[in-house]
Amino acid sequence: MLLRLLIALAAAFPALSTASPSMSAGAAPAPWAAASTVQVSSRDIEFQSGGVKLSGTLYSPAGRKALAAVVVLHGASSPLRDLPLYAHLRTSLPALGMAVFVYDRRGSGKSIPATGSHDFDLLSDDGVAAAEMLRRQPEIDPKRVGYWGLSQGGWLALMCAAKDPKAAFAVSVSAPIVPPDVQMNYAVANILHVDGYSQADIHQAVQMRRAIDGYLKGTLDRAPAERLLAEARDKPWFKLTYTDSELEDPATSSWLKQMRLDPIKTLERVKVPTLMIYGADDPWVPVGVSVQTLTARAADFPAMELRVIPHADHTMMLGVDPKAQMDPNAFAAEAPDSPEYFMTLAAWLTERGLARADGRL
């Protein structure tokens with residue numbers, strides 16, 4: 001079984017094999033080319049969530065029925081269905097007998113118009129609505145629909161699994177088990193570090209962010225938060241701190257809504273098989289703290305499994321310079337390429353009867 005799984009993975013995951021120019025997308029097949037064992041079909045589907053029409057694409061092995069399926073939840077900077085971040089799912093899991101549904105996040109791509117604040121609760125509602133739609137599709141087994149998400153999407157995958165009484169599983173990749181404000185303060189410290197700023201600069205930046213967060217949460221007066229913001233606003237590193245130049249109004253702050261997320265409390269409500277994956281070299285997420293917390297609470301989460309992928313970064317990529325990892329201009333091109341991540345994901349899904357090495361179930 002293991003050998004068959006490894007053979008199937010080598011074919012299913014493009015990053016594990018070297019592509020020939022003659023096999024590139026859109027090129028005419030070479031005279032020696034053979035048909036693949038699994039033909040992948042795709043079709044666009046629209047669905048409703050909270051009065052908003054969302055649009056996505058369902059990828060599945062052609063001609064198969066009663067398929068397990070996964071709804072893909074978005075990273076904060078990755079709202080579109082066709083981004084490289086999701087390519088490994090839509091190209092590989094159908095080859096292992098699973099369907100994959102990737103949609104444009106509300107307000108993006110073809111999922112427009114959608115206005116207003118897109119808080120975690122609303123975005124996870126969209127994910128649950130996508131799963132409900134999938135359960136009505138003729139090729140999908142309604143009892144085997146679950147969720148995958150990376151980064152912010154990892155939080156959303158857990159929230160969907162907690163909300164959805166019919167959820168079959170959840171895969172959460174690079175989702176820290178700390179609140180969003182703690183994660184962002186950690187990330188900003190690392191961003192300034194890799195950009196060569198001093199420890200004093202890092203301390204000032206983090207103190208400013210904590211003061212602003214405290215003001216929004218009502219634990220600190222406005223005056224000290226304004227003072228620290230004013231002192232930092234003209235610093236050369238300010239543009240790297242993901243901070244507005246003016247204080248938000250707590251009554252309308254979308255960041256305040258995000259800060260209220262408690263990932264560990266969400267996980268407490270997830271009762272289905274759950275895979276938590278982290279990259280050992282992730283500068284965005286306090287992986288050590290997250291792993292320590294999950295390990296200490298392991299008895300409370302009997303359905304959860306935890307994996308840390310060596311040398312992988314936040315998006316399961318290998319060998320990327322930390323400065324490049326944290327460059328917003330590079331987000332759109334991010335695509336997992338860690339063989340161990342691919343193997344871990346496929347083996348876990350296979351062990352639970354959701355995927356199979358020969359693609360048949």
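Just so you know, these numbers use all the heavy atoms, side chains as well, and skip hydrogens, waters and symmetry mates. On a predicted model such as this, the values are computed, not experimentally measured, just so you know.
- Judged purely by atom type and a 3.5 angstrom limit, R90 has no side-chain atom pairing as donor or acceptor with the backbone of Y59.
- Taking the charged nitrogens against the carboxylate oxygens, E305 and R307 do have a contact shorter than 4.0 Å, which makes a salt bridge.
- Within the 4.5 Å cutoff, no side-chain heavy atoms of M159 are placed close to those of R269.
- With 3.5 Å as the limit, one finds a donor-acceptor pair spanning the side chains of Y341 and H88.
- Taking every heavy atom of both residues into account, S245 and L229 meet most closely at O-CD2, 3.5 Å.
- Here the side chain of K143 pairs no donor or acceptor atom with the backbone of K166 at under 3.5 angstrom.
- Environment of CG in D221: sparse, with no more than 12 heavy atoms of neighbouring residues, nucleotides or ligands closer than 6.0 Å.
- At least one side-chain heavy atom of K323 sits under 4.5 Å from a side-chain heavy atom of D195.
- Within the 3.5 Å criterion, the main-chain N or O of E246 finds no donor-acceptor partner in the side chain of D244.
- Note: D119 CG to K257 NZ = 5.0 Å, rounded to the nearest 0.5 Å.
- Salt-bridge annotation for E268 and R297: present, with a side-chain N of the basic residue lying under 4.0 Å from a carboxylate O of the acidic one.
- D181 has no carboxylate O lying under 4.0 Å from a charged side-chain N of R210, or vice versa, which leaves the two without a salt bridge.
- Taking CG of L122 as the reference point, atom OG of S49 lies at 6.5 Å (rounded to 0.5 Å).
- If you run salt bridge (charged side-chain N to carboxylate O under 4.0 Å, His left out) between E139 and each of R43, K65, R64, only R43 comes through.
- A heavy-atom distance below 4.5 Å is found between the side chains of Y197 and P236.
- Side-chain contact between W237 and I191 is absent, with no heavy atoms from C-beta onward closer than 4.5 Å.
- Within the model, atoms CD of Q152 and OG of S174 stand 13.0 Å from one another, a figure rounded to the nearest 0.5 Å.
- Nearest heavy-atom pair, A335 versus M317, reported as atom, atom and distance to 0.1 Å: O-CG, 3.0 Å.
- In this model, no donor atom of one side chain and acceptor atom of the other lie less than 3.5 Å apart for Y103 and R81.
- The number of heavy-atom neighbours closer than 6.0 Å to NZ of K235, taken from other residues, nucleotides and ligands shown, is 12 or below.
- Interatomic distance, K53 NZ to F47 CZ, rounded to the nearest 0.5 Å: 12.0 Å.
- Counting heavy atoms from C-beta on, the side chains of S60 and F101 never come closer than 4.5 Å.
- Formation of a donor-acceptor pair under 3.5 Å by the R144 side chain with backbone atoms of G353 is found in this model.
- Looking at heavy atoms from C-beta onward, P263 lies out of side-chain contact with L158 at the 4.5 angstrom threshold.
- Contact check for V102 versus T57: no side-chain heavy atoms found under the 4.5 Å cut-off.
- Between the side chain of R209 and the backbone N or O of T243, no donor-acceptor pair lies under 3.5 Å.
- The pair R106-D125 does not count as a salt bridge, with every side-chain nitrogen at least 4.0 angstrom from each carboxylate oxygen.
- A donor atom on one side chain and an acceptor atom on the other are not found under 3.5 Å apart for S338 and H311.
- Counting heavy atoms of neighbouring residues, nucleotides and ligands inside a 6.0 Å radius, atom NZ of K239 exceeds 12 of them.
- A distance of 8.0 Å separates CD of Q258 from CH2 of W155, quoted to the nearest 0.5 Å.
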Yes or no on side-chain contact (heavy atoms from CB on, under 4.5 Å) for L240 and V188, after CA distance, side-chain angles and deciding distance? CA-CA 7 Å; L240 301 174; V188 165; over 6 Å; no
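- Checking side-chain atoms of T350 against main-chain N and O of A346 turns up a donor-acceptor pair under 3.5 Å.
- Side chains of W148 and S172 form no contact here, defined as non-hydrogen atoms less than 4.5 Å apart.
- There is no side-chain donor-acceptor pair under 3.5 Å between D313 and W284.
- Between the side chain of R105 and the main chain of G75, a donor-acceptor pair closer than 3.5 Å is present.
- A donor-acceptor pair under 3.5 Å is formed between the side chain of N190 and the backbone N or O of P283.
- Atom CG of L85 is separated from atom CE of M316 by 10.5 Å, given to the nearest 0.5 angstrom.
- Comment: R135 engages D164 in a salt bridge, judged by a side-chain N to carboxylate O separation of less than 4.0 angstrom.
- In this structure, S36 contributes its side chain and Q39 its backbone to no donor-acceptor pair below 3.5 Å.
- S78 places no side-chain N or O within donor-acceptor distance of the main-chain N or O of A76, the cut-off being under 3.5 Å.
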List the steps, then state whether side-chain contact (heavy atoms from CB on, under 4.5 Å) holds for V72 with Y147. CA-CA 6 Å; V72 176; Y147 302 94; over 6 Å; no
